[in-house]
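Inspection log for the structure reproduced underneath, given as structure tokens.
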14 protein chains.
Amino acid sequence: MDNTTMIAVASIVIAGLTTSFGCLGPALAEGKAVATALTSLAQQPDASATITRTLFVGLAMIESTAIYCFVVSMILIFANPFWNHVIDLTAGK
Amino acid sequence: MDNTTMIAVASIVIAGLTTSFGCLGPALAEGKAVATALTSLAQQPDASATITRTLFVGLAMIESTAIYCFVVSMILIFANPFWNHVIDLTAGK
Amino acid sequence: MDNTTMIAVASIVIAGLTTSFGCLGPALAEGKAVATALTSLAQQPDASATITRTLFVGLAMIESTAIYCFVVSMILIFANPFWNHVIDLTAGK
Amino acid sequence: MDNTTMIAVASIVIAGLTTSFGCLGPALAEGKAVATALTSLAQQPDASATITRTLFVGLAMIESTAIYCFVVSMILIFANPFWNHVIDLTAGK
Amino acid sequence: MDNTTMIAVASIVIAGLTTSFGCLGPALAEGKAVATALTSLAQQPDASATITRTLFVGLAMIESTAIYCFVVSMILIFANPFWNHVIDLTAGK
Amino acid sequence: MDNTTMIAVASIVIAGLTTSFGCLGPALAEGKAVATALTSLAQQPDASATITRTLFVGLAMIESTAIYCFVVSMILIFANPFWNHVIDLTAGK
Amino acid sequence: MDNTTMIAVASIVIAGLTTSFGCLGPALAEGKAVATALTSLAQQPDASATITRTLFVGLAMIESTAIYCFVVSMILIFANPFWNHVIDLTAGK
Amino acid sequence: MDNTTMIAVASIVIAGLTTSFGCLGPALAEGKAVATALTSLAQQPDASATITRTLFVGLAMIESTAIYCFVVSMILIFANPFWNHVIDLTAGK
Amino acid sequence: MDNTTMIAVASIVIAGLTTSFGCLGPALAEGKAVATALTSLAQQPDASATITRTLFVGLAMIESTAIYCFVVSMILIFANPFWNHVIDLTAGK
Amino acid sequence: MDNTTMIAVASIVIAGLTTSFGCLGPALAEGKAVATALTSLAQQPDASATITRTLFVGLAMIESTAIYCFVVSMILIFANPFWNHVIDLTAGK
Amino acid sequence: MDNTTMIAVASIVIAGLTTSFGCLGPALAEGKAVATALTSLAQQPDASATITRTLFVGLAMIESTAIYCFVVSMILIFANPFWNHVIDLTAGK
Amino acid sequence: MDNTTMIAVASIVIAGLTTSFGCLGPALAEGKAVATALTSLAQQPDASATITRTLFVGLAMIESTAIYCFVVSMILIFANPFWNHVIDLTAGK
Amino acid sequence: MDNTTMIAVASIVIAGLTTSFGCLGPALAEGKAVATALTSLAQQPDASATITRTLFVGLAMIESTAIYCFVVSMILIFANPFWNHVIDLTAGK
Amino acid sequence: MDNTTMIAVASIVIAGLTTSFGCLGPALAEGKAVATALTSLAQQPDASATITRTLFVGLAMIESTAIYCFVVSMILIFANPFWNHVIDLTAGK
């Protein structure tokens with residue numbers, strides 16, 4: 001059963017690291033975008049509609065990279081093809 | 001029982017690292033967003049409604065990446081499919 | 001008893017690292033937020049009510065990420081499901 | 001079956017790291033692009049059409065590098081030629 | 001007695017690292033907060049009451065993260081549940 | 001079959017790392033180029049034709065380095081001469 | 001006597017690292033605070049009483065984090081409960 | 001056949017790393033050059049001919065260092081003298 | 001005699017590292033404080049008494065953290081309780 | 001034949017690393033030089049002859065360091081005295 | 001004689017590292033202090049007496065941390081109590 | 001023949017690293033010097049003779065450090081005294 | 001003779017590292033001091049006597065830390081007490 | 001003959017690293033000094049005599065630290081006392 005364990009350990013480790021490391025960039029990028037939006041609003045309150053809209057589109061784009069990482073984590077935990085293969089093998093044995 | 005232990009150790013290690021490392025980015029990003037909000041408020045007190053609203057939406061987006069990490073940690077500690085599989089195996093044995 | 005020890009060591013190590021590393025980001029972020037609040041107060045003393053309120057909401061959001069890490073540490077030390085499982089096993093044996 | 005496991009572990013590890021590390025650059029770059037777009041909008045609201053269009057083209061270019069990484073991850077998880085080769089071998093054995 | 005020693009060593013190592021590493025962030029953050037407070041005082045001496053009060057609240061928030069780390073260290077040295085468990089075991093043996 | 005596995009593992013690992021690491025530089029560089037383009041457009045809307053053209057040429061140059069990395073990854077996964085050699089050997093054996 | 005030695009070595013190593021690493025942050029933070037105090041004094045000599053008082057309170061707060069580290073080091077060298085336990089054991093044996 | 005494998009693994013690993021790492025510098029440098037070109041065009045539209053020409057010469061120089069790395073990668077994959085020597089040896093054996 | 005040697009080696013290594021690493025922070029901090037003092041003196045020669053006094057108090061505070069490290073080093077070399085314990089043991093044996 | 005392989009592996013690894021790492025500095029330096037040239041051209045179009053000439057001399061100097069690295073790589077791959085010595089030995093044996 | 005050698009090796013290694021690493025901070029700090037002194041002299045030549053005096057006091061403070069490191073190195077090379085102890089032992093044996 | 005190989009491998013590895021790492025500093029330094037020369041030429045075209053002369057003397061000084069590294073690499077590849085000694089030994093044996 | 005070799009290797013390694021690493025700080029610090037001296041001379045040519053004198057005193061202080069490192073290297077190569085001790089032992093044996 | 005080889009390998013490795021790493025600092029420092037000299041010349045062409053003289057003295061001081069490293073490398077390659085000792089031993093044996 002050693003193989004099953006190794007795949008499980010690898011999946012656990014990588015699922016955690018992917019989410020935590022993959023959130024570093026998007027979080028900082030969103031922080032920067034939000035911060036600039038606030039500066040721009042204070043500087044040009046009249047353009048608040050355009051600024052807010054552009055901000056939300058931008059946040060959606062940035063969040064998408066965080067979503068990629070979260071999705072890969074979820075695949076590795078709940079729909080891992082390598083794990084399924086090994087489980088099927090040991091079950092059929 | 002070696003396999004159970006290895007999965008437990010991996011889950012503990014990654015649960016901790018995911019939360020602690022995954023909080024680094026959001027914390028810094030929120031710090032930047034709050035700091036700019038304060039600067040903007042001091043610069044343009046009249047726009048305080050728009051600034052505050054945009055700040056809260058932004059903080060929610062950033063906090064969401066921290067939440068992803070916390071959720072993965074909780075899954076690894078309390079609903080870990082690999083751990084459950086191994087426990088079921090050793091129990092049914 | 002080797003397995004118990006490994007889980008204990010992993011829990012100790014990660015409990016400490018999670019808290020100490022997880023406090024780095026929030027501390028720096030709070031330092032930045034407080035520093036900007038002071039600058040803003042010196043620049044626009046009339047807006048001190050709004051600034052102080054926004055600062056406290058922001059500090060609460062940032063502190064929350066430190067709390068996540070502290071909670072995970074406490075769970076790992078005092079309510080660790082893997083530890084409990086292994087203790088129950090060795091006790092029932 | 002050791003070989004199958006090693007290839008599975010390598011694929012899992014690299015699929016996660018590729019996505020999480022590969023999202024760092026694009027996320028930061030998009031954050032910078034969005035932030036500058038907001039500054040430019042606040043500075044020159046009249047040019048908002050050109051700015052928005054250039055921003056979206058730029059975001060698409062940057063997102064493309066994140067997509068490359070995501071695609072490589074997906075190939076490694078769901079269409080891995082090395083894994084297929086090894087599985088065929090062990091199945092035909 | 002090997003297990004006892006391993007837990008003791010892990011507790012010593014982590015107790016020290018948690019405090020020393022966990023003090024890095026708060027110290028730098030407090031340095032920044034104090035420095036900005038001094039700048040603000042020099043710039044707006046009339047607002048010294050508000051500035052001083054906000055500074056102290058902020059320092060308290062930041063210090064709290066250092067306290068978390070110190071508390072975890074103290075728990076690991078003087079109230080370590082894993083150590084107590086192992087000591088009880090070897091004593092009762 | 002150990003050799004086949006080692007080459008497969010190395011190819012998987014390097015294919016992932018090459019793409020993910022190789023996208024870091026181009027992504028950041030494109031982010032910088034797009035950001036400056038937006039600033040320039042806001043500053044000199046009349047020169048938008050020249051700016052846009054120069055931006056696209058520049059983005060193409062930068063993207064080319066990301067393409068090099070992606071191509072090397074694809075070669076390593078789908079047209080790897082070392083893998084083919086080893087497969088031929090084991091097949092002919 | 002191997003266990004005693006391991007605990008002694010760990011205590012020595014961590015006592016030194018805790019103090020030396022734990023002094024990095026406070027030293028830099030105090031340097032920053034003192035530097036800003038000097039700038040503020042040169043800029044606003046009339047507020048020297050308030051500035052000096054705030055500086056000393058701030059230095060005390062920052063120094064406290066260095067003290068935490070020094071205290072942990074001293075505990076590990078001169079009042080180490082794990083060391084005492086092991087010494088008692090070997091003495092009573 | 002161990003030697004063949006080691007050389008193959010080394011060639012794969014280094015071919016990937018050389019391209020991915022070697023593209024980091026040129027990509028950033030081109031990003032900087034393009035960004036400054038855009039700033040200069042916005043500042044002095046009249047000199048656009050000279051600026052564009054100098055930019056293209058500069059980009060060619062910078063791209064040349066990326067080409068060096070790509071060439072070394074291709075040599076290592078498709079025209080590797082060490083690999084050829086070992087293959088000849090094992091074939092002639 | 002292996003244990004004695006290990007403790008001696010650990011003490012030597014840590015005594016050196018504690019002093020050298022522990023001096024990094026204070027040296028940089030004092031450099032910053034002295035540098036700002038010189039700037040302030042050049043800017044406001046009339047406040048030279050207050051500036052010099054504050055500088056010396058600040059330098060004393062910063063130097064204290066270097067002293068902590070030096071003291072720990074000296075304790076580890078010349079008054080190391082773990083070394084004394086082991087020497088006594090081997091002497092009494 | 002182990003020795004031959006080790007020398008081959010070392011040559012492959014270092015040939016790749018020398019080129020890829022050695023191109024980092026020159027690429028960044030050329031990027032900086034080109035960028036400043038563009039700024040200078042925009043600022044002083046009249047001095048474009050002197051600026052262009054100085055830029056090309058400078059780029060040649062910087063490129064020379066990249067050439068050194070490329071030359072060392074080529075020597076290691078195609079004219080490696082250590083490899084030749086070992087090949088002669090094994091051939092003459 | 002293995003123990004003697006280990007202590008000698010540790011002393012050599014740490015003596016060198018302590019001096020070389022311990023000189024990094026003071027050198028940079030003195031560079032900064034001297035640089036600011038020169039700026040201040042150019043800005044306020046009339047205050048040259050006060051500036052020079054403060055500079056020398058500051059340099060003495062900073063140099064002191066380099067001296068600490070040099071002293072520890074010299075102690076480890078020429079007056080190492082652990083080395084003396086081991087030499088006495090082997091001599092008396 | 002193991003010794004010969006080890007010396008050969010060490011020489012290959014260090015020859016490559018010395019050149020590639022040793023070119024990093026000079027390349028960046030020359031990039032900075034050339035960049036400042038271009039800025040200075042744009043700012044003060046009349047002093048172009050003095051600036052160009054000083055630039056060339058400076059570049060020669062900086063290039064000299066890159067030459068040192070290249071020379072050491074060449075010595076290690078083509079005139080390595082340790083290699084010659086070992087070759088003589090094995091030849092004379 | 002293994003002990004002699006280990007001490008020789010350690011002395012060689014540390015002698016080189018001490019000089020090369022120990023020169024990093026002083027070189028950068030002197031570069032900064034010289035650079036500021038040149039700026040100051042250009043800004044205030046009348047104070048050139050005071051500036052030059054202060055620069056030379058400063059350079060002497062900074063160079064002293066590089067000398068410490070060089071001296072330790074020379075001691076380790078030509079007057080190493082540990083090496084002498086071991087040589088005497090093996091000679092007298 | 002293992003000892004001779006180890007000393008040779010250590011000497012080769014350290015000779016290369018000392019030169020390449022030891023040139024990093026001086027190269028960057030000279031780049032900075034030359035760059036500032038060019039800025040100063042452009043700003044104050046009348047002081048070119050004083051500036052050039054100070055620059056050359058400064059470059060000589062900085063180059064001296066690179067010379068130290070080169071000298072240590074040459075000593076380690078061509079006048080290594082440890083190597084000579086071991087060669088004499090093996091020759092006399």
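Both backbone and side-chain heavy atoms feed into the values below; hydrogens, waters and symmetry mates do not.
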Against chain D, label [X] side chain, backbone, both or neither, depending on which of its atoms sit under 4.5 Å from a heavy atom there.
X	answer
Asp46(A)	neither
Val9(A)	neither
Leu59(A)	neither
Leu76(A)	side chain

For the candidates [options], which exhibits the highest count of non-hydrogen atom pairs separated by less than 4.5 Å from chain D?
options	answer
Val13(A), Thr54(A), Ile14(A)	Ile14(A)
Ala35(A), Ala27(A), Pro81(A)	Pro81(A)
Ile75(A), Leu41(A), Val71(A), Thr39(A)	Ile75(A)
Gly31(A), Ser20(A), Gly58(A), Gly25(A)	Gly25(A)

What's the separation between atom SG in Cys23(D) and atom CG in Leu24(A), rounded to the nearest 0.5 Å? 11.5 Å
Return the orientation label for the Phe70(D) and Tyr68(A) ring planes: parallel under 30°, perpendicular over 60°, tilted otherwise. parallel
Below 30° counts as parallel, above 60° as perpendicular, anything between as tilted: where do the rings of Phe21(A) and Phe21(D) land? parallel
Side chain, backbone, both or neither: which part of [X] has a non-hydrogen atom closer than 4.5 Å to chain A?
X	result
Glu63(D)	side chain
Ile7(D)	neither
Ile51(D)	neither

Determine yes or no for a side-chain-to-main-chain donor-acceptor pair under 3.5 angstrom, with Thr65(D) supplying the side chain and Ile62(D) the backbone. yes
List the steps, then state whether side chain to side chain donor-acceptor pair (under 3.5 Å) holds for Thr18(D) with Ser73(D). CA-CA 6 Å; Thr18(D) 302; Ser73(D) 283; 4.6 Å; no
